[in-house]
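Structure first, then comments.
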Amino acid sequence: MKISHLFTKTTKDAPSDEVAKNAQLLIRAGFIYKEMAGVYTYLPLGKKVLDNIVNIIREEMNAVGGNEISMTALQNPEVWQTSGRWNDDVMDVWFKTQLADGKELGLAPTHEEPLTKLMKNFIHSYKDLPVYPYQFQIKFRNELRSKSGLMRGREFWMKDLYSFSRTQEEHDAFYEKISEAYVRVFDRLGLGENTYKTFASGGSFAKFSHEFQTVSSVGEDTIYIHKEKRIAINLEVYTDDVLAELGISKNELEEAKAVEVGNIFTLGTRFSDPLDLNFTNEEGATVPVIMGSYGIGPSRLMGLIAEHFADEKGLVWPENVAPAKVYLVRIGNEDAIKAADDLYEQFTNAGIEVLYDDREERPGTKFADAELLGIPYRVTVSDRLLADGKFELTPRVSGETELLTPTDLLAKLI
RNA sequence: CGGGGUGUGGCGCAGUUGAUAGCGCGCUCGGUUUGGGACCGAGAGGUCGAAGGUUUGAGCCCUUUCACCCCGACCA
């Protein structure tokens, strides 16, 4: 994309109504726009980052047999009343609204109920199982207090996958499989090092659920990390009994603040029982489907990545999620314009995403924007360099500039 | 929802004992610049969050209200 086609602009000043670093940087760099507290619009570059995160998750979900769908945000209360979760005392984050005739509707905070009901149309026999529908959806949660920019919004993107299995054994095997998929997701997002599979409270059908917690100073959760085993224990289940059960002693653990970036949860028959999602097994008996739910928050991840990978100059996107791989800075007139245009075309033809700064701005402005936007590689084309037949390559992470011939440059980036 | 704080051009801010608003960034025009957010000159842009009140007079005082931020409680 050419910067001249990009309608967003960068600013030097951070908005005064944001304190969270992720929100300040993302707004300054023009990735997001704040509509109201906890509600953000994704602008072109932000949309690109979000899509990149979503695509990584999508690939990994498909790899474990996921079927992508897209459910409705508007919810009929009936199915929620059946499960008991329409009641505000049970689920206190509902946004409720109504039809013109006064009938109540809800905006989905999660999708267990409607999906369970939907699956009744397709699950009848053991031959129909197991299945793993999932979606990327905006969830609505009426949080008492939204905070920390994209980290806790009232409207946020979520990947929610649900497993429908025949037996507990089948469920457990998938639970393990998707747990491994989550590890791959966080690795690919650049968060693997700092992300721990964490024991958390499990509800009525399992002793534990598991959260994926990324260590961060802005975290809201407290976890106890076992570095060698690459696991952690959430404060909420940090008891002597649990430690004994896991065979871990307190002195092996380190306390840390962390952000919950994903969770996996055994639901058992919590929803299949009340909603009558049953199937006929090989013996001809009617039995309830065993379910699980598996969430990842792409928008929260975007906020966390922005927060985590940043320096005094701005954002520093990992290559896999960056809105472009290369920020092409053009300095100079005819020769530079021609050379930069050519380079832009070569990158584009090779499938490399480039933000081409074709504006009539001074070099300092372009460099500052390249850094604020956090594009992994800056390539500079200038009259001065062209005289020597060289281009300049500056990785965002190191900031160290290297002079390369066109051939070497392309070989390095393509 | 409890506590604290903040609302003034698009953004960041100043505004004294009450006298009808100013600075920086950005924007427009002209000129000079051109490898680290340039400089000079000339401009445009504000019913001071909203409503009510006190006063000869309110950005400033009082009341109500809305929004936003932070801490806490609660939560992907």
Side-chain angles (χ1 to χ4, degrees), chain A residues 8-20 23-24 27-30 33-39 88-94 108-112 136-161 182 198 200-201 209-214 218-221 234 236 258-265 293-304 313-314 329-333 336 357 359-373 378 380-387 390-392 394 399 401 403:
Chain A
T8 58
K9 290 182 163 51
T10 60
T11 62
K12 289 181 196 171
D13 292 321
S16 63
D17 67 346
E18 294 281 8
V19 169
Q24 289 197 341
I27 290 170
R28 277 187 58 207
Y33 168 80
K34 183 182 198 166
E35 295 286 351
M36 62 182 108
V39 180
D88 290 328
D89 295 335
V90 177
M91 182 110 86
D92 62 2
V93 293
W94 272 112
T110 179
H111 279 86
E112 282 85 0
F136 294 93
Q137 245 266 357
I138 289 178
K139 305 295 187 193
F140 299 91
R141 296 194 183 176
N142 200 348
E143 300 284 349
L144 256 41
R145 182 185 165 207
S146 64
K147 58 186 276 197
S148 307
L150 289 186
M151 313 275 278
R152 175 170 299 285
R154 296 202 166 94
E155 174 182 322
F156 60 95
W157 282 92
M158 178 152 127
K159 182 284 301 180
D160 44 331
L161 183 147
Y182 272 34
T198 302
S201 57
S209 68
H210 292 88
E211 295 165 344
F212 287 79
Q213 295 272 5
T214 304
V218 295
E220 298 179 29
D221 290 339
N234 194 306
E236 66 189 20
V259 175
E260 184 181 351
V261 290
N263 64 18
I264 58 178
F265 207 92
S293 67
Y294 314 85
I296 293 182
S299 47
R300 173 179 282 184
L301 278 167
M302 179 171 159
L304 177 63
K313 290 176 175 172
V329 172
R330 183 185 82 197
I331 302 170
N333 295 314
D357 198 338
R359 297 173 299 174
E360 297 304 318
E361 291 287 347
R362 295 168 64 87
T365 302
K366 296 186 175 189
F367 292 149
D369 277 348
E371 283 151 356
L372 176 59
L373 263 46
R378 187 182 85 205
T380 305
V381 174
S382 76
D383 294 330
R384 182 189 299 178
L385 293 168
L386 285 171
K390 295 285 180 62
F391 292 142
E392 211 177 74
T394 313
T401 291
L403 291 178

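The sequence lines fix the lettering, A, B, ..., with proteins before strands; numbering per chain opens at 1.
Partner A/F391 forms a side chain to side chain contact (heavy atoms under 4.5 Å, CB included) with one of A/L386, A/T380, A/L385 and no other, that one being A/L386.
In this structure, A/D221 has no salt bridge (charged side-chain N to carboxylate O under 4.0 Å, His left out) partners at least two apart in sequence or on a different chain. Looking at residues two or more places apart in sequence or on another chain, you find no salt bridge (charged side-chain N to carboxylate O under 4.0 Å, His left out) involving A/K390. The salt bridge (charged side-chain N to carboxylate O under 4.0 Å, His left out) test applied to A/E361 returns no partner, not counting sequence neighbours. Applying the salt bridge (charged side-chain N to carboxylate O under 4.0 Å, His left out) test to A/D13 and every residue at least two apart in sequence or in another chain returns nothing. With sequence neighbours left out, A/F367 forms a ring pair (Phe, Tyr, Trp, His ring centres under 6.0 Å) with no residue at all. Taking the ring pair (Phe, Tyr, Trp, His ring centres under 6.0 Å) definition, one finds that A/H111 meets it with nothing, sequence neighbours left out. Partners of A/F156 under the ring pair (Phe, Tyr, Trp, His ring centres under 6.0 Å) rule, at least two apart in sequence or in another chain, do not exist in this structure.
The side chain of A/F367 lies closest to B/G35, out of B/C68, B/C74, B/G35. In the set B/G35, B/C74, B/G37, the nucleotide with an atom closest to the side chain of A/A368 is B/G37. Checking B/C68, B/G37, B/G36 against every side-chain atom of A/T365, the shortest atom distance belongs to B/G37.
OP1 or OP2 of B/A38 lies within a sub-4.0 Å distance of a side-chain N or O belonging to A/R362. Contact check, A/K34 against B/C69: a side-chain N or O comes under 4.0 Å of OP1 or OP2.
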N/O-N/O pairs, protein side and nucleotides 70-73 of chain B side, under 3.5 Å:
unit_1	atom_1	unit_2	atom_2	d
B/C71	OP2	A/R145	NH2	2.4
B/G72	N7	A/R145	NH1	3.4

Could you pull out the protein-nucleic contacts involving nucleotides 6-11 of chain B (nitrogen or oxygen on both sides, under 3.5 Å)?
none

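Nucleotides B/A58 and B/G72 are separated by 37 Å at their C1' atoms, to the nearest Å. Comparing B/A38 with B/C25, their C1' atoms sit 14 Å apart, to the nearest whole Å. Remark: the separation of the P atoms in B/G18 and B/G59 is 13 Å, to the nearest Å.
In a base pair of the Watson-Crick type (N1 to N3 plus N6-O4 or O6-N4) or a G-U wobble (N1-O2 and O6-N3), with each distance short of 3.5 Å, B/C39 is matched with B/G31. With a cut-off of 3.5 Å on both Watson-Crick or G-U wobble distances, the partner of B/G2 is given as B/C71. Using N1 to N3 plus N6-O4 or O6-N4 for Watson-Crick, or N1-O2 and O6-N3 for G-U wobble, each under 3.5 Å, B/G22 pairs with B/C13. Pairing of B/G7, defined by two Watson-Crick or G-U wobble distances under 3.5 Å, is identified with B/C66. Nucleotide B/C61 forms a pair with B/G53, judged by Watson-Crick or G-U wobble geometry with both contacts under 3.5 Å.
When the nearest nucleotides of RNA chain B are assigned to A/E260 and A/T10 by heavy-atom distance, the more 5′-ward of the two goes with A/T10.
Here the C1' atom of nucleotide B/C25 and the CD1 atom of A/I27 are 17 Å apart, to the nearest Å. Distance, A/L386 CG to B/G35 C1': 13 Å, rounded to whole Å. Here B/U34 presents its C1' atom at 13 Å from CZ of A/R330, a figure rounded to the nearest Å.
In this structure, A/R141 contributes its side chain and A/P109 its backbone to a donor-acceptor pair below 3.5 Å.
In this structure, A/E371 pairs ionically with A/R378, as a charged nitrogen and a carboxylate oxygen lie closer than 4.0 Å.
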